[in-house]
Amino acid sequence: MKNSEKLLNRILITRQPEQSAEFVNLLSSRGLYPFILPMIETVPVECEIKNKAFDYLIFTSSNAFNYFKKYINSIKFGKIAAVGKKTAEAIEREGFDVNLIPEDYSGEGLVKKFMNREINGMKFLIPGPKKTSNTLKNFLVSKKAIVESPVVYETIGIQYPRGFISGFIQGNLIDCITFASPSAARSFLSQTKIPDTVKETVVIGRTTFSYLQENGINAVYPNKYTVNDMVELICKINDEKNKLSGGTL
């Protein structure tokens with residue numbers, strides 16, 4: 001299929017550049033054109049860990065692990081749970097074993113993993129950002145677990161000059177915007193709206209989708225919450241468009 005025949009061809013990536021290499025490579029390998037305009041940045045926050053021994057360390061993102069790892073040798077722990085494959089890979093690169101990964105790469109997926117386990121009195125450490133969903137923590141507490149959730153980083157929206165974002169989108173003929181977190185979507189919408197020229201908004205998972213939906217914006221997300229699956233979804237949309245228009249793959 002020629003690029004000119006594709007519904008979604010020029011893709012805006014809104015995550016940090018240092019986390020976008022895989023996304024860029026995957027899009028490029030499928031004949032699509034990625035453009036990076038980061039909406040957020042993350043900065044470390046110094047924390048104090050009250051307890052020194054835990055049954056489980058739970059990491060809900062690779063950022064959570066990367067900002068926490070300088071503290072990891074100061075505590076004792078039994079097992080490690082990771083929200084998804086990429087987070088697990090970041091942990092394993094540092095020489096630690098990951099004992100639990102949910103099938104559904106989300107906080108809700110982790111809840112399901114502990115749903116039928118006896119965790120009364122068990123100690124959990126969940127390092128994370130300043131602003132986060134408390135779904136997992138609240139569930140564990142409801143099961144009488146002891147949960148500590150230190151803040152190890154903060155997500156800050158990147159502010160652009162007035163009109164810069166819309167000018168970037170129009171100037172580069174962007175037809176698809178992607179968001180890999182609610183924070184990136186929030187930063188974007190605080191500065192501009194999604195132009196009518198954008199044909200699709202693709203997000204990484206249900207939480208980001210829900211945030212956009214609450215703000216009256218339609219979006220789609222893949223069954224598995226990974227960048228690779230976002231790219232597969234974009235390509236699927238293009239394939240279906242081509243079939244409808246009578247083109248050949």
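Computed from a predicted model, the values in this text were never measured in an experiment. Hydrogens, waters and symmetry mates play no part in the numbers below; they use all other heavy atoms, side chains included.
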Non-neighbouring partners of [X] that pass ring-ring contact (aromatic ring centres under 6.0 Å, His included), sequence neighbours left out:
{"X": "Phe124", "result": "Tyr56, Phe114"}
{"X": "Phe77", "result": "none"}
{"X": "Tyr153", "result": "Tyr67"}
{"X": "Tyr71", "result": "Phe68"}

Using side-chain contact (heavy atoms from CB on, under 4.5 Å) as the criterion, list what pairs up with [X], not counting sequence neighbours.
{"X": "Lys144", "answer": "Asn120"}
{"X": "Ser133", "answer": "Thr135"}
{"X": "Lys112", "answer": "Asp104"}
{"X": "Asp55", "answer": "Met122, Lys123"}

Within a strict 4.5 Å, meaning less than it, do heavy atoms of the [X] and [Y] side chains meet?
{"X": "Leu140", "Y": "Ile58", "answer": "yes"}
{"X": "Leu32", "Y": "Leu8", "answer": "no"}
{"X": "Leu212", "Y": "Leu189", "answer": "yes"}
{"X": "Phe65", "Y": "Phe96", "answer": "yes"}
{"X": "Cys47", "Y": "Pro127", "answer": "no"}

Discussion item. My understanding is that only residues two or more places apart in sequence, or in another chain, count here; which of them pass side chain to side chain donor-acceptor pair (under 3.5 Å) with Glu232?
Written reply: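 Checked Glu232 against side chain to side chain donor-acceptor pair (under 3.5 Å); matches are Arg30.
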
Worksheet item: Quick one: side chain to side chain donor-acceptor pair (under 3.5 Å) partners of Arg162, sequence neighbours excluded?
Response: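 Residues passing side chain to side chain donor-acceptor pair (under 3.5 Å) with Arg162: none at all.
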
Discussion item. If I take atom CD from residue Glu92 and atom OG1 from residue Thr87, how far apart are they, to the nearest 0.5 angstrom?
Written reply: 10.5 Å

Practice prompt. Please round to the nearest 0.5 Å and tell me the distance separating atom CD1 of Ile146 and atom CG of Leu125.
Written response: 12.5 Å

Pairs under 3.5 angstrom only: tabulate donor-acceptor contacts from the side chains of residues 18-25 to other protein residues two or more places apart or in another chain.
residue	atom	partner	partner atom	Å
Gln19	NE2	Asn63	OD1	2.9
Ser20	OG	Gln16	O	2.7
Glu22	OE2	Lys86	NZ	3.2
Asn25	ND2	Ala21	O	3.2

Worksheet item: Would one find more than 12 heavy atoms of other residues, nucleotides or ligands at under 6.0 Å from atom NZ of Lys52?
Response: yes

Worksheet item: Has Lys85 got more than 12 heavy atoms of other residues, nucleotides or ligands less than 6.0 Å from its NZ?
Response: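 Not buried by this count: 12 neighbours or fewer within 6.0 Å.
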
Worksheet item: Is a side-chain N or O of Gln159 found less than 3.5 angstrom from the main chain of Ser187, in a donor-acceptor match?
Response: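 Absent.
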
Worksheet item: Quick one: do Lys131 and Glu154 make a salt bridge, cutoff under 4.0 Å?
Response: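 The answer is no: the pair does not qualify as a salt bridge.
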
Worksheet item: Between Glu108 and Lys113, is there a salt bridge with N-O shorter than 4.0 Å?
Response: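 Glu108 and Lys113: not salt-bridged.
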
N/O donor-acceptor pairs under 3.5 Å from side chains in residues 216-230, not counting sequence neighbours:
residue	atom	partner	partner atom	Å
Tyr225	OH	Arg206	NH2	3.0
Thr226	OG1	Asp229	N	3.0
Thr226	OG1	Asp229	OD2	2.5

